[in-house]
Amino acid sequence: MQAGSGFFVDRQGVIATSRHVLEGASRAVVRLSDRQEGEVLEILSDDPDCDLLTARTTLQNTSPIALGETGRIEVKEEVQILGRTSWGERMVSEGHILGFRKAGRMELLQISAPLTAGYSGAPVLNKKGEVVGVAAAFADPSKELNFAVPIRYLKTLKPSRLSWASLREKSVRFYAYVTETGVAEVLVARDQKRESEGVAVPSRARAASRPVTVYFKNGREVVCDAAWKEGGTVFLVLQGKGYAVGYKEEEIDTKKSFAP
């Protein structure tokens, strides 16, 4: 079962979320904090190139959140993220805007507010309670490497002609290359494809039938869906995430991590 977060944009049950949350699903249920439930009826607008969509649900008299302006976002501005963990617990994450980060033809917000699995599609709110971004990905929460899609991309979504159950085209995934000093580059690619915007996770790295534990020389252990070496870099696909994070080979206990 795939889970994600989202938020209402009007009082008639229209919800916004990350597009990949609905990919491959045969049914989508929306659960509110007061235990109300509804179902997704149709996609109103979507764009796989920025991994966003809006959808009509069976819920009515919903409470929308006002949308802010990307042009008014300031570095060091305080933000909150309202989302749910992958196990369904409602969480509030707090931090600051660290700046804008180029990602292919897109621009992402880099934020210090920690993200975890399940936060995809969650609203990033400024102090006025306006949505300034939509939670997209995290590379390493301990290093403040968390990213959101600026709200302008949601505002410019084009109407969709798709049935919500026909989201066959893969949305983009964000790939962060990380060094000990932070993000070196954020790339954009589609699953198992190599495109001009970035580099996808190689198919050989997806061959593992079970999670892989990677051991760092500082004692840290990370469970990954895949891990592989390219030159002097070790790439990790964090468990439950669709993008790779690169670390210098000297940071990793490669003998222990890649033992046969």
Side-chain angles (χ1 to χ4, degrees), residues 4-10 14-23 40 42-57 64-75 77 79-83 93 95-113 115 118-126 128-139 145-162 164 167-176 183 185-191 193 195-198 200 241-243:
S5 301
F7 56 98
F8 290 109
V9 295
D10 70 10
V14 174
I15 196 169
T17 187
S18 295
R19 189 181 184 278
H20 75 262
V21 171
L22 293 185
E23 286 174 7
V40 171
E42 61 177 334
I43 302 299
L44 298 179
S45 61
D46 82 305
D47 187 349
D49 290 329
C50 63
D51 191 21
L52 293 175
L53 63 74
T54 62
R56 189 183 308 283
T57 72
I65 305 179
L67 305 184
E69 297 291 339
T70 300
R72 296 181 181 177
I73 295 174
E74 297 182 1
V75 176
E77 181 178 358
V79 291
Q80 286 188 335
I81 304 174
L82 306 181
S93 180
H96 297 82
I97 299 290
L98 299 179
F100 288 88
R101 176 71 64 168
K102 189 71 175 176
R105 292 190 294 267
M106 292 184 62
E107 199 173 43
L108 298 180
L109 286 174
Q110 185 176 343
I111 54 180
S112 65
L115 301 177
Y119 265 67
S120 294
V124 179
L125 308 176
N126 61 18
K128 295 180 181 179
E130 300 169 331
V131 184
V132 295
V134 181
F138 65 89
L145 305 181
N146 310 283
F147 302 95
V149 179
I151 197 62
R152 71 170 179 267
Y153 292 101
L154 182 68
K155 289 183 173 182
T156 56
L157 288 183
K158 295 181 180 180
S160 175
R161 297 179 180 178
L162 295 175
W164 78 267
L167 295 177
R168 296 187 180 91
E169 184 179 0
K170 292 288 187 181
S171 296
V172 296
R173 297 292 188 270
F174 303 107
Y175 296 74
V183 176
E185 192 173 5
V186 180
L187 306 174
V188 178
R190 298 192 194 281
D191 200 28
K193 288 185 180 179
E195 297 187 350
S196 59
E197 295 100 338
K241 305 305 293 183
Y243 55 88

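Numbering of residues begins at 1 and proceeds along the displayed sequence. Values below: all heavy atoms of this structure, side chains included; hydrogens, waters and symmetry mates excluded.
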Might you point out which heavy atoms bring [X] and [Y] nearest each other, and give the distance in Å?
| X | Y | answer |
| --- | --- | --- |
| R19 | E23 | NH1-OE2, 3.1 Å |
| S120 | T17 | O-OG1, 4.0 Å |
| A135 | L115 | CB-CD2, 4.0 Å |

| said: Under the rule for side-chain hydrogen bond (donor to acceptor under 3.5 Å, both in side chains), what residues qualify as partners of T54, not counting sequence neighbours? | reply: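 Result, side-chain hydrogen bond (donor to acceptor under 3.5 Å, both in side chains) vs T54: S45.
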
| said: Please enumerate all residues that pass side-chain hydrogen bond (donor to acceptor under 3.5 Å, both in side chains) together with T156, with sequence neighbours excluded. | reply: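 Result, side-chain hydrogen bond (donor to acceptor under 3.5 Å, both in side chains) vs T156: none returned.
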
Would you say the side-chain atoms of [X] pair up with the backbone N or O of [Y], donor to acceptor, closer than 3.5 Å?
| X | Y | result |
| --- | --- | --- |
| K155 | G68 | yes |
| S5 | G118 | yes |
| S112 | H96 | yes |

Is [Y] close to [X] at the side-chain level, that is, under 4.5 Å between some pair of heavy atoms?
| X | Y | value |
| --- | --- | --- |
| Y153 | T70 | no |
| I81 | I111 | yes |
| D51 | V149 | no |
| L22 | I43 | yes |

Residues forming a side-chain contact (heavy atoms from CB on, under 4.5 Å) with [X], sequence neighbours excluded:
| X | answer |
| --- | --- |
| V131 | F7, I65, L67, P123, L125, I151 |
| K158 | none |
| E74 | E77 |
| D47 | D49, C50, L157 |

| message | Surrounding CZ of R152 (heavy atoms of other residues, nucleotides or ligands, distance under 6.0 Å), is the total greater than 12? | response |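 Yes, the 6.0 Å shell around CZ holds more than 12 heavy atoms from other groups.
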
